[in-house]
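Comments concern the structure below.
Whatever order the structure lists them in is the order used to number ligands and atoms, beginning at 1. Just so it is clear, the values below take in all heavy atoms, side chains as well, and ignore hydrogens, waters and symmetry mates.
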Amino acid sequence: MRKKIIAGNWKMNKVFSEANQFVDEVVGKVPDSDNVEAIVCAPFPYLASLVEKTNGSKVKVAAQNMHFEDNGAYTGEVSPVMLKDIGVSHVVLGHSERREYFAETDETVNKKTHAAFNNGLTPIVCVGETLEQREANETMNHVETQVKKAIEGLTDEQVAETIVAYEPIWAIGTGKTASSEDANDVCAHIRNVIKEVTSDAIAEKVVIQYGGSVKPANVEELLSQSDIDGALVGGASLEAESFLQLVEAGTK
Ligand code: 13P
């Protein structure tokens, strides 16, 4: 059975003291279960401190983005080598906000997935359609293209380790959640696409999260679906209590 992965994406929220306090609150309370993994996706300046605070606990720390080069003249960027060096384990790639506001493309996402694996980081690759695309029945095609491009050139073993987060853009921060059946249909399609590119056995290993207005009240229903293996959560991950409830739901 695939384990559930609950990741809290703080986006550009919290000051340093709040970030540390959050982690101090959750480390001792995260359920001691092999069925679920908890990840906090935090702003760059907090990562080293959070890694230290979560050391030896069940909580993992992720960056929300990175550059694909190991080092060089890229003012203002953070490299995979730097993230690995301070003990970060995961990195969110291709979030729709990065695609929309920071010119992230399928091509740069692909370079970044390779860079992540080359440096021992696990990528959480985000895909998802706009409302216009959904209304034009383009969801499946769009998501298929994004997934295929993101994993292009990876080994089967790397694909198996990739976490895919299906986040319909119209459901992000809007309070509108995709129905669990609709979300599951897209997640199942993503698994089929991965199957086509690799094999049944590899595709069955891939953790596929849903994201978009996930909260304690709807998470169990979403996680009960056949192809939804976790959640990437924005707003409802900002409070420790709420985050813990989401992680708890993953143990069931
Ligand atoms: P919300 O949970 O706030 O809708 O955000 C989802 C998201 O974008 C997580 O990456």
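Remark: ligand 1 atoms within the under-4.0 Å shell around heavy atoms of Ala171 are 4 (O). Within ligand 1, counting atoms from 1 as listed, the ones closer than 4.0 Å to a heavy atom of Gly234 are 1 (P), 2 (O), 3 (O), 5 (O), 6 (C), 9 (C). Within ligand 1, the atoms closer than 4.0 Å to a non-hydrogen atom of Glu167 are 6 (C), 7 (C), 8 (O), 9 (C), 10 (O), numbered from 1 in the order shown. Numbered from 1 in the order shown, with element, the atoms of ligand 1 that lie under 4.0 Å from a heavy atom of Gly235 read 1 (P), 2 (O), 3 (O).
The proximity of Asn9 to ligand 1, defined as any non-hydrogen pair under 4.0 Å, is limited to the side chain.
The N/O atoms of Ala236, backbone and side chain alike, include none that comes under 3.5 Å of an N/O atom in ligand 1. Ligand 1 has a nitrogen or oxygen under 3.5 angstrom from a nitrogen or oxygen of Ser213.
Residues Glu97 and Lys11 are paired through a salt bridge, judged by an N-O separation under 4.0 Å between the basic side chain and the carboxylate. Ionic pairing of Asp106 and Lys148 is not present here: no N-O contact between side-chain nitrogen and carboxylate oxygen is shorter than 4.0 angstrom.
Protein heavy atom closest to atom 5 (O) of ligand 1, with residue, atom name and distance, is Lys11 NZ, 3.3 Å.
Applying the salt bridge (Lys or Arg N to Asp or Glu O under 4.0 Å) test between Glu37 and each of Lys4, Lys58, Lys3 identifies Lys3 as the sole match.
The closest donor-acceptor contact from the side chain of His114 to the backbone of Glu152 lies under 3.5 Å.
Annotation for Lys205: atom NZ does not count as buried by contact number, only 12 or fewer foreign heavy atoms lying within 6.0 Å.
Annotation: Trp10 is not in aromatic contact with Tyr46 [ring centroid separation under 6.0 Å not met].
Not close to ligand 1: Gly211, with no non-hydrogen atom less than 4.0 angstrom away.
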Report all side-chain donor-acceptor pairs from residues 226-239 shorter than 3.5 Å, counting only partners two or more places apart or in another chain.
| residue | atom | partner | partner atom | Å |
| --- | --- | --- | --- | --- |
| Ser226 | OG | Asn184 | ND2 | 3.1 |
| Asp227 | OD1 | Arg191 | NE | 2.6 |
| Asp229 | OD1 | Arg2 | NE | 3.0 |
| Asp229 | OD1 | Arg2 | NH2 | 3.4 |
| Asp229 | OD2 | Arg2 | NE | 3.0 |
| Asp229 | OD2 | Arg191 | NH2 | 2.8 |
| Asp229 | OD2 | Ile208 | N | 2.9 |
| Ser237 | OG | Val233 | O | 3.1 |
| Ser237 | OG | Gly234 | O | 2.8 |

